[in-house]
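Take a look at the structure set out below.
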Amino acid sequence: MRIGELSKRTDTPVRMLRYYEARNLIVSERLHNGYRDYDDYVVDRVRQIRGLLDVGLPTRIIGQILPCLDSPITIHMPYVTPDMVATLEEVRDRMAEKIECLTKNHTAIGDYLRAAGFDAEAS
DNA sequence: GTTCTCACA
DNA sequence: TGTGAGGA
């Protein structure tokens, strides 16, 4: 697919998609006319990138982490810088907080629905 | 109509 | 990262 479609499917500005590519976060082939051509798996890749970005990971670090999250899980850690470790720990903790918060609200809403007699949802 | 690259202050 | 120029 071309960049316009990828943009729609991932809800990411075309501008940012080219930016991610410049940062080596995603790759693309080139059509005869020079247009970028993306494989379907890139859609999930971009969503994963957006997810990491949302939690505060800079593209700089995502570029080093992403290869480790690829299909054949290659735990290849070339150069792990101290600041990279620090950033990851911080992000990991922030995610834990977010998960805890979500779990709490998930439970609360489930309880409410059940109490109101509208449940049917698996907890 | 779509995408491309380069570059700005 | 938004925006515009100038091409193909």
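All values below were derived from every heavy atom in this structure, side-chain atoms included, with hydrogens, water molecules and symmetry-related copies excluded. Letters A, B, ... are given to chains in the order of the sequence lines, protein chains preceding strands, and every chain is numbered from 1.
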Taking B:dT2 as the reference, what is the distance to C:dG6 when you measure between their P atoms (whole Å, please)? 22 Å
Could you work out the separation of C:dA5 and B:dT3 based on their C1' atoms and round it to a whole Å? 14 Å
In terms of side-chain heavy atoms of A:R2, which of B:dT2, C:dT3, B:dC4 is nearest? B:dT2
Counting only side-chain heavy atoms from C-beta out, which of B:dT5, B:dT3, B:dA7 sits nearest to A:R15?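 The answer is B:dA7, which lies nearest to the side chain.
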Between atom [atom1] in [X] and atom [atom2] in [N], what is the gap in whole Å?
X	N	atom1	atom2	value
A:L6	B:dT3	CG	C1'	14 Å
A:E21	B:dC4	CD	C1'	12 Å
A:K8	B:dG1	NZ	P	12 Å
A:R60	C:dT1	CZ	P	15 Å
A:N33	B:dT3	CG	P	10 Å

First locate atom NZ of A:K98, then atom CZ of A:R94, and finally report the distance between them rounded to the nearest 0.5 Å.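 That separation rounds to 7.5 Å.
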When you compare the side chains of A:R50 and A:T10, does any donor N or O come within less than 3.5 Å of an acceptor on the partner?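 The answer is no; no qualifying pair exists.
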Quick one: the side chain of A:Y19 and the base of C:dT1, do they pair up donor-acceptor inside 3.5 Å? no
Strictly below 4.0 Å: does A:R18 bring a side-chain N or O up to OP1 or OP2 of B:dT2? no
May I ask you to decide if [Y]'s main-chain N or O and [X]'s side chain share a donor-acceptor pair within less than 3.5 Å?
X	Y	answer
A:D37	A:M1	yes
A:S7	A:I3	no
A:R60	A:M84	no
A:N33	A:Y35	yes

Can you tell which of A:T12, A:L25, A:T59 makes a side chain to side chain contact (heavy atoms under 4.5 Å, CB included) with A:Y19?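 The passing option is A:T59.
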What stem regions, each of at least 3 consecutive Watson-Crick or G-U pairs below 3.5 Å, can be found for DNA chain C?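 Paired runs of 3+ in DNA chain C: B:4-8 with C:2-6.
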